[in-house]
Structure formats: structure tokens, C-alpha cells
Amino acid sequence: MKEFFIALKDNLSNIFSIIGIGLTVYFAVFYVPNYVQEIEIKKIESTHESLIESIQELVYNNHDIDSEDIDTLIRGKELSGQLSYPYTSEELLIQVQDRFLDNKFIPLDQRKSLIEKIDTIREALPISTVVTTQDDKPNNINVLYSWISGVMGILAALLGSISIWSRSKKLEEIKIESTIEDRQESIKQNVHTSILMERNMYETLKDALGQNHVEYCPPSTPVDFIIKMDGGKDTGVEVKYTETEIIPLRVVHRLIDAAIELDMPLVLISNAELTANANKLLKEYNLKNKDTPISHLNIDQSKDVENDIKKLFKQHA
């Protein structure tokens, strides 16, 4: 659970970016086209109401109008409103008649007269009276705008996704480089500390056992030092530094191989304790190999390293 919250914190900016991309796609593909369509519908409704009121006024005041007058009124509204009027002249006149019929403030006889007058105008209309527009340019413009909006939204989402991917990849590369650099620095520090510990133990061994008794081994030897024992078997010494605070099982396996190869007792000097499995294996080995036992000294738990070394090698003498 802790790792989940850490990952969530590290990727919080990416999560908000993805949400932003999702909202961009939604507004571009769904909201904006619908919004444009709603505006278009409201403009047509407003234009339609205006045309009905204008024709009602002309007819009510006994002005003579014909199909050309109606077409002119419709065309003027289309140009001023940048839209495509969807009704024919006859359909418009029918709706004007309906408005007159619903208007209770006009006496019934007068309403009847007005409706008959509009019927006369309708009968004079050309047979195929269809509202013509300039190839429906205003409508096409709105449709084109909706498509452009959707495409731009998708492109924005695509570019945003690429940006997030590129940024995440770059951050990952930086993290990997930083991890490698930290690891390299840690290895350098461990090697330096290990060498320093080995040199210090060389001096401590000489002080405790005598300079002539301690021999520095070449790198090809599986141990660091050979202790020349008076009247006893030579003993190998392996110095092991670790920053993990435990000596793993593989170290004991390697020491057992070295003891068998060199045919001599060994002493492991370290700054940490053996793991439970490593300690168990070491005890099992010592029970079976009393002539070449392996001893362990943890200098971090020792109050007097030099004195503990003397006691330890006195047992091997």
C-alpha cells in the first residue's frame, strides 16, 4: 500500500494531465459540436418567430404581399443571421394562419378573414416553392466548425499524450541515471571502506600477534592474510565489510571452499553478524572438520578487538 501511494505521488502530474486530455477530447468531440448545434437551432427559432410576426403585421394591416415578398423576407433573415431557414414559403404561411387562429384578442370574423387572405397568397405561390439558400453555406460553415473543433481536440489530446509519454520517459531515464550514479557511488564508498578496514585489521593483527606472524596474501589467494602460528597450524584470515548488517550464507560457502582448498583453519573478521542459516551451516561444518574449523569475530560487538584477536588465535595454537 505504501508503494502505491508513493507511485501515486510521483505520477500525480501525469494523472492530472491525462484527466485534462480526457476533458479536452470530451469538449472538442461532444460538447462543442452540440453547443454549436444548439446555437444554430436557437437562431433558426428566433428567425422563424420574427418572420411570422412580420407577415402577421403586413397581413393584419392589409398590405398586399406575394411569393416574392415572402422570399425576400426569408432571404434577408438568412443573410443577416448567417443561417439556413428550413421552411418553405407555404409552410411559413400555414404557421402564420395558425398564429392568427390562436390569437383570441382578434375577433373570430376578423381571424377568419385574415386566414382566407393568407389562403389567397398561398394559392398564388409557385408549385415548387422551396426556400433556396446559397448552397447552405451558413449550415455548412457550422458543420465544418464542429468537425474542425473535434479534429483539433483529438490532435490536442494526441499531442498531450505524446508529451506525457515523452516526459515520463525522460523522467524515467533521469531516475535510472540517478540510481546508477548512486549505486556507483555506493560501490566506490563500500570498496574504499572495505580496503580501509582490511588495512586497519592488518595493523591490528600485527600488533596482536607480532609483525613476523602476519602475511599479506596476493589477490589469487582465497583469504586476505595467513597467520604463521608457533607450534600450530597456519590460519587464514578473511576480512569482510558489509553495509547490510548481515553476513549472508554465500560468504560461509566461500569460506568453507577456501578452508578445504588451503587445508587450514580460517578466521572471519567482519563488521556484522552471520544470518541464521549461515551460522547453522558454519556450526555443521565445524562439527565435521575439527582440524580446519572456521571462527568468526564481529568487531562491531567487540570492546577490545586486539585482545579478542589474541584470545581467538590462542585457541588455534
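Throughout, numbering of the chain's residues begins at 1 and tracks the sequence.
The two atoms that bring Lys77 and Ser50 nearest to each other are NZ-OG, 2.7 Å, heavy atoms only. Of all heavy-atom pairs spanning Arg111 and Ile106, the tightest one is NE-O, 2.8 Å. Taking all atoms of both residues into account, the shortest heavy-atom contact from Thr292 to Ala259 is O-CB, 4.4 Å. Ala272 and Thr242 make their closest contact through CB-CG2, 3.7 Å (heavy atoms, listed as atom of the first residue, atom of the second, distance). Ile44 and Ser84 get closest at one heavy-atom pair: CD1-O, 3.9 Å. Between Ile226 and Met264, the shortest heavy-atom contact is CD1-SD, 3.7 Å.
A donor-acceptor contact shorter than 3.5 Å links the side chain of Asp224 to the backbone of Val239. With hydrogens and angles disregarded, no donor-acceptor distance shorter than 3.5 Å links the side chain of Ser46 to the backbone of Lys42. In terms of modelled atom types and a separation under 3.5 Å, the side chain of Asn286 and the main chain of Ile294 share a donor-acceptor contact. With hydrogens and angles ignored, the 3.5 Å screen pairs a side-chain donor or acceptor of Thr120 with a backbone N or O of Glu116. Panel note: side chain His213, backbone Ile227; no donor-acceptor pair is recorded below 3.5 Å.
Shown here is Asn61, whose CG atom has more than 12 heavy atoms of other residues, nucleotides or ligands within 6.0 Å. No more than 12 heavy atoms of other residues, nucleotides or ligands sit less than 6.0 Å from atom CG of Asp64. A 6.0 Å sphere centred on NZ of Lys280 holds no more than 12 heavy atoms belonging to other residues, nucleotides or ligands.
Separation of atoms CG (Leu312) and NE2 (His296) is listed at 10.5 Å; rounding is to 0.5 Å. If you take OG on Ser54 and CD1 on Ile70, they are separated by 11.5 Å, rounding to the nearest 0.5 Å. One finds the CG atom of Leu93 at 11.5 Å from the CD atom of Glu123 (value rounded to the nearest 0.5 Å). Between the CD atom of Glu78 and the CG atom of Leu51 there is a distance of 9.0 Å, given to the nearest 0.5 Å. Rounded to the nearest 0.5 Å, atoms CD1 (Ile65) and CG (Leu73) are 7.5 Å apart. A distance of 8.0 Å separates CG of Asp300 from OG of Ser270, quoted to the nearest 0.5 Å.
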- Item | side-chain hydrogen bond (donor to acceptor under 3.5 Å, both in side chains) between Asn279 and Glu273, intermediate numbers included | CA-CA 9 Å; Asn279 193 47; Glu273 280 297 312; over 6 Å; no
- Message: Is there a side chain to side chain contact (heavy atoms under 4.5 Å, CB included) between Thr275 and Ile247? Walk through the geometry before answering.
- Response: CA-CA 6 Å; Thr275 64; Ile247 302 298; over 6 Å; no
- Item | Trace of the side-chain hydrogen bond (donor to acceptor under 3.5 Å, both in side chains) decision for Ser89 with Asp71 | CA-CA 7 Å; Ser89 296; Asp71 288 343; 2.9 Å; yes
- Item | Candidate pair Asp66 and Ile121, rule side chain to side chain contact (heavy atoms under 4.5 Å, CB included), full reasoning | CA-CA 6 Å; Asp66 54 23; Ile121 299 171; 5.8 Å; no
- Task: In sequence, state the C-alpha distance, the side-chain angles, and the governing distance for Glu306 and Asp304, and then conclude on side chain to side chain contact (heavy atoms under 4.5 Å, CB included).
- Result: CA-CA 6 Å; Glu306 185 175 331; Asp304 188 343; 4.0 Å; yes
- Start with the C-alpha gap between Ile118 and Phe100, add the side-chain angles, then the distance that decides, and say whether side chain to side chain contact (heavy atoms under 4.5 Å, CB included) holds. CA-CA 10 Å; Ile118 295 173; Phe100 273 135; 3.6 Å; yes
- Query: Can you check salt bridge (charged side-chain N to carboxylate O under 4.0 Å, His left out) on Asp109 and Lys112, steps first, answer last?
  - Reply: CA-CA 5 Å; Asp109 290 341; Lys112 182 179 179 182; over 6 Å; no
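Residues Thr235 and Phe225 fail the side-chain proximity criterion, which asks for heavy atoms closer than 4.5 Å. Proximity of Tyr285 to Leu255: side-chain heavy atoms (C-beta onward) are nowhere separated by under 4.5 Å. Looking only at side-chain heavy atoms (C-beta outward), Val223 and Leu262 come within less than 4.5 Å of each other. Within the 4.5 Å cutoff, the side chain of Lys117 has no heavy atoms near those of the Ile115 side chain. Side chains of Leu249 and Leu281 form a contact here, defined as non-hydrogen atoms less than 4.5 Å apart. Looking only at side-chain heavy atoms (C-beta outward), Leu268 and Lys240 come within less than 4.5 Å of each other. At least one side-chain heavy atom of Glu45 sits under 4.5 Å from a side-chain heavy atom of Ile41. In this structure, the side chains of Arg254 and Pro222 stay at 4.5 Å or more apart for every pair of heavy atoms.
Listed by chain and number, the residues in a side-chain contact (heavy atoms from CB on, under 4.5 Å) with Glu49 are Arg99 (sequence neighbours excluded).
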Enumerate donor-acceptor pairs with a distance under 3.5 Å from any side-chain N or O in residues 196-210 to protein atoms, sequence neighbours excluded.
| from | atom 1 | to | atom 2 | distance (Å) |
| --- | --- | --- | --- | --- |
| Glu198 | OE2 | Tyr216 | OH | 2.9 |
| Asn200 | ND2 | Leu196 | O | 3.3 |
| Thr204 | OG1 | Asn200 | O | 2.9 |

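With 3.5 Å as the limit, one finds no donor-acceptor pair spanning the side chains of Glu245 and Asn271. Under 3.5 Å, the side chains of Gln95 and His48 contain a donor-acceptor pair of N or O atoms.
Hydrophobic clustering (side-chain heavy atoms under 4.5 Å, transitive across Ile, Leu, Val, Met, Phe, Trp, Tyr) groups Ile55 together with Tyr60. Leu266 and Ile260 fall within a single hydrophobic cluster, where Ile, Leu, Val, Met, Phe, Trp and Tyr side chains are chained together by heavy-atom contacts under 4.5 Å.
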